[in-house]
Amino acid sequence: DGQVLSAAMDGKLCLWSNQVRNHCIDLSRESIHPISKVLSDVRYNTALSCGYDGNIELWNLSDASVSTAVSSSSSNRVIARGGPAANRNTSMRLSPSAVMTGHTEPVLEASYYRDSLATGDKGGALMIWDLNRGQALTRFRAHPGPITAVECNNSSNVIVTGGTDGYVKVWDPRASGSGLVQKVHVHVREESPRP
C-alpha cells in the first residue's frame with residue numbers, strides 16, 4: 001500500500017508512511033540486537049523481522065495503517081497503541097503481534113513457503129514454521145556453518161539453501177528423513193595438490 005519497511009543493524013524497525021511525509025512508525029522490539037532480514041506479505045498485510053537474538057517477530061501492518069490514519073487526521077497529536085499521546089514528529093510505536101523462538105543462533109535468512117516460513121541461522125540450522133500457530137514444524141542442520149541464502153519455490157515444493165560451506169542444497173519438506181533432495185558442489189575451493 002505504498003508504505004516502506006526499513007531495518008538496520010542498530011535493531012530499529014521503521015515503517016514509513018505513505019500518507020505523512022518523513023513519518024516513521026517505530027515498530028517496538030524488546031531486543032536491541034541487529035535485524036538481519038525483513039519480509040512483507042501483501043496477502044495479509046503483515047511483515048516479519050529476523051534478528052541476531054534468534055527470534056522472528058510477526059507484525060500486523062494493518063495496525064500501523066490505522067495508526068497512520070489517526071496521526072494524519074489529528075491536528076497536533078497522535079496516539080500510539082499501548083502508549084501515551086505523542087507529538088506528531090515523534091515516532092509512534094507498535095508491538096509485534098507474535099514472537100517465534102527456537103533458533104539458538106542469529107537468524108540470517110528467511111523465505112515464505114506457502115503458508116509457512118523457512119528460516120536459516122548462523123549455526124546452519126534450517127527451520128520451517130507454521131505461521132498460523134507460530135510454532136516450528138521442523139528443525140534440522142542444513143549446513144555445517146552459516147546459512148547465507150534461503151529461497152522457496154512453491155510450485156515445485158522445494159526449499160533451496162546456500163551456506164558458507166560453498167554448497168547449494170535442495171530440500172523437500174514432504175520427503176522422509178532430513179528431506180535433502182540434492183546437494184550441489186558449487187562454490188567450494190579445491191585444494192591444490194602438493195608436489
Side-chain angles (χ1 to χ4, degrees), residues 1 3-8 11 13 15 27 29 31 33-65 94-187:
D1 61 0
Q3 297 180 99
V4 174
L5 185 61
S6 65
L13 262 175
L15 184 65
L27 301 183
R29 303 175 64 237
S31 174
H33 290 86
I35 300 167
S36 54
K37 186 79 171 186
V38 175
L39 293 174
S40 63
D41 190 339
V42 295
R43 299 173 299 174
Y44 307 111
N45 201 21
T46 59
L48 62 87
S49 59
C50 303
Y52 274 54
D53 59 359
N55 293 340
I56 301 153
E57 297 162 323
L58 302 176
W59 304 91
N60 183 349
L61 299 183
S62 297
D63 292 345
S65 298
L94 294 176
S95 298
S97 56
V99 178
M100 299 187 304
T101 60
H103 281 281
T104 57
E105 297 279 342
V107 180
L108 302 178
E109 281 295 325
S111 181
Y112 289 110
Y113 178 71
R114 299 189 179 276
D115 286 329
S116 302
L117 176 74
T119 56
D121 71 24
K122 189 175 181 180
L126 177 65
M127 295 183 72
I128 300 170
W129 303 84
D130 179 336
L131 288 175
N132 294 321
R133 294 183 304 177
Q135 296 177 345
L137 298 172
T138 310
R139 175 192 170 95
F140 52 91
R141 187 166 173 117
H143 294 267
I147 294 176
T148 56
V150 174
E151 277 299 322
C152 299
N153 186 319
N154 290 330
S155 62
S156 59
N157 294 309
V158 297
I159 300 170
V160 179
T161 62
T164 57
D165 59 353
Y167 286 91
V168 172
K169 297 181 180 180
V170 180
W171 309 87
D172 185 344
R174 302 166 303 161
S176 61
S178 69
L180 181 62
V181 174
Q182 188 174 10
K183 178 179 175 181
V184 183
H185 187 229
V186 180
H187 299 286

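Looking at Cys152 and Tyr112, their side chains never come closer than 4.5 Å, going by heavy atoms from C-beta outward. Side-chain contact between Leu48 and Met100 is absent, with no heavy-atom pair separated by less than 4.5 Å. Looking at heavy atoms from C-beta onward, Leu108 lies in side-chain contact with Tyr52 at the 4.5 angstrom threshold. In this structure the side chain of Thr46 never reaches within 4.5 angstrom of the side chain of Leu58, judged on heavy atoms. Ile128 places a side-chain heavy atom less than 4.5 Å from the side chain of Ile159.
Nearest approach of Ala125 to Ile147, heavy atoms of both residues: O-CD1, 3.4 Å. Counting all heavy atoms, side chain and backbone alike, Ser49 lies closest to Trp59 at OG-NE1, 3.1 Å. Scanning all heavy atoms of the two residues, the minimum distance from Asn55 to Asp53 falls at N-OD1, 3.0 Å.
Considering Leu137, Leu131, Asp41, Val150 in turn, Leu131 is the only one that fulfils the side-chain contact (heavy atoms from CB on, under 4.5 Å) rule with Leu117. The side-chain contact (heavy atoms from CB on, under 4.5 Å) test with Thr119 is passed by exactly one of Lys37, Met127, Arg139, Glu109: Met127.
Using bins of under 30°, 30° to 60° and over 60° for the plane-to-plane angle, the ring pair His143/Trp171 lands in the perpendicular bin.
Atoms OH and CG, from Tyr44 and Asn60 in turn, are 13.0 Å apart once rounded to the nearest 0.5 Å. Atom CD of Gln3 sits about 10.5 Å away from atom OG of Ser40, to the nearest 0.5 Å.
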One pair to check against salt bridge (Lys or Arg N to Asp or Glu O under 4.0 Å): Lys183 and Asp165. What are the steps and the verdict? CA-CA 12 Å; Lys183 178 179 175 181; Asp165 59 353; over 6 Å; no

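The 12-atom threshold is exceeded at NZ of Lys169, counting heavy atoms of other residues, nucleotides or ligands nearer than 6.0 Å.
Of the possible polar contacts, none joining the Ser111 side chain to the Ala118 backbone as a donor-acceptor pair under 3.5 Å is found.
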